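All figures in this text were calculated on a predicted structure; none of them were measured in a lab.
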Amino acid sequence: MAALMFRNVLSKLSQLQITPIKSLRPNGIISCTSSANYVLQAQAIEKCAIRMLRSEASNNFEGTKLNASQQTSAKPQQEVLENQHESEIAITKETIAKVNSQIELNSHGRLFAVIHLAGKQRRVTDGDLIMIEGAHPADVGDVIRAEKVLLLGSRDFTLIGRPLLRPDLVRVEATVVEKSLTHTKTVFRNRRRKNTRSINFCRSHFSIMRINCVRLEGLVDQRPEIEGVDGRIF
């Protein structure tokens, strides 16, 4: 604002025609002050005002940043959430009751699950065949249980783990039906202008498993009174 005002004054001074002012000094020399001197003085004042405004603006900006950082650091890292509204709690209880009623009556239909097995996530349902790459310790005919169940869904509802569902709530079992080697892969390497060539053959292990069952064994939002680690694989 001040810089704009000084620029306006400077433009007005440049348009005026000021006659030189003569003054007598004590030593007897007559000095003249022309309009050019006024313009130079106004320009110097304008530059000084611009420097002052810039320094003041930078100081205000740094002060604002400091206050914002202090306010941010003063805020608590954790926030305490109040209880949900009574209507939301009622809707949640009603939904859980409907899901539990379908589980008790076994009217949920066909179930599917997302499991984490051998480093990969797979969507499986009853009767599916899945291939596990690499050497697996289970032999043909062994029944294994998938402990890491990330999600289970049906026709009307879906249960999502955080990150896993409880082992006493869902059960996914599979049977190893085949263990073999993949088809032969040819690996050919050639180095140009080096007269070097190599041919290798590679076959890797794999296992095929059939999903026996994907079922619910408990009710939602209800934990058993006694919990153990029987059958767990750590």
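- Partners of V143 under the side-chain contact (heavy atoms from CB on, under 4.5 Å) rule, at least two apart in sequence or in another chain, are E173, T175, N212.
- K148 places no side-chain N or O within donor-acceptor distance of the main-chain N or O of P163, the cut-off being under 3.5 Å.
- Looking at every heavy atom in both residues, I211 comes nearest to V214 through CG2-CG2, 3.9 Å.
- Cluster annotation: I130 is connected to L152 through the hydrophobic network of ILVMFWY side chains, with a link wherever side-chain heavy atoms come within less than 4.5 Å.
- With sequence neighbours excluded, no residue forms a side-chain hydrogen bond (donor to acceptor under 3.5 Å, both in side chains) with E178.
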Evaluation steps, side chain to side chain contact (heavy atoms under 4.5 Å, CB included), between L150 and Q121: CA-CA 9 Å; L150 307 176; Q121 297 182 12; 3.5 Å; yes
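- With values rounded to the nearest 0.5 angstrom, I132 atom CD1 is found 10.0 Å from I208 atom CD1.
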Which donor-acceptor pairs under 3.5 Å do side chains of residues 103-118 form with protein atoms, sequence neighbours excluded?
from: N106; atom 1: OD1; to: H108; atom 2: NE2; distance (Å): 3.3
from: R110; atom 1: NE; to: T125; atom 2: OG1; distance (Å): 3.2
from: R110; atom 1: NH2; to: D126; atom 2: O; distance (Å): 2.6

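- The two residues K179 and P137 have their closest heavy-atom pair at NZ-C, 4.4 Å.
- Between S207 and H136, the shortest heavy-atom distance links the atoms OG-CB, 3.7 Å.
- The line from CG of L216 to OG of S154 is 8.0 Å long, rounded to the nearest 0.5 Å.
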Show which side-chain atoms of residues 189-203 pair as donor or acceptor with protein atoms under 3.5 Å away, not counting sequence neighbours.
from: T196; atom 1: OG1; to: K194; atom 2: O; distance (Å): 3.1
from: R203; atom 1: NE; to: T182; atom 2: O; distance (Å): 2.8
from: R203; atom 1: NH2; to: T182; atom 2: O; distance (Å): 3.4

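- The side-chain hydrogen bond (donor to acceptor under 3.5 Å, both in side chains) check on D221 picks up nothing, with sequence neighbours excluded.
- Listed here is the closest heavy atom pair of A174 and M209: CB-CB, 4.3 Å.
- Applying the salt bridge (Lys or Arg N to Asp or Glu O under 4.0 Å) criterion to K120, with sequence neighbours excluded, gives E133.
- Between L165 and I160, the shortest heavy-atom distance links the atoms CD2-C, 3.8 Å.
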Report all side-chain donor-acceptor pairs from residues 93-100 shorter than 3.5 Å, counting only partners two or more places apart or in another chain.
from: T95; atom 1: OG1; to: I91; atom 2: O; distance (Å): 2.9
from: N100; atom 1: OD1; to: V220; atom 2: N; distance (Å): 2.8
from: N100; atom 1: ND2; to: I96; atom 2: O; distance (Å): 3.3
from: N100; atom 1: ND2; to: V220; atom 2: O; distance (Å): 3.4

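- Taking S87 as the reference, H85 meet the side-chain contact (heavy atoms from CB on, under 4.5 Å) condition, with sequence neighbours excluded.
- With sequence neighbours left out, the side-chain contact (heavy atoms from CB on, under 4.5 Å) criterion links E217 to R171, R215.
- No continuous path of ILVMFWY side-chain contacts below 4.5 Å connects L164 to V170, so the two sit in separate hydrophobic clusters.
- For the residue pair L169 and L159, the shortest heavy atom distance occurs at CD2-CD1, 4.1 Å.
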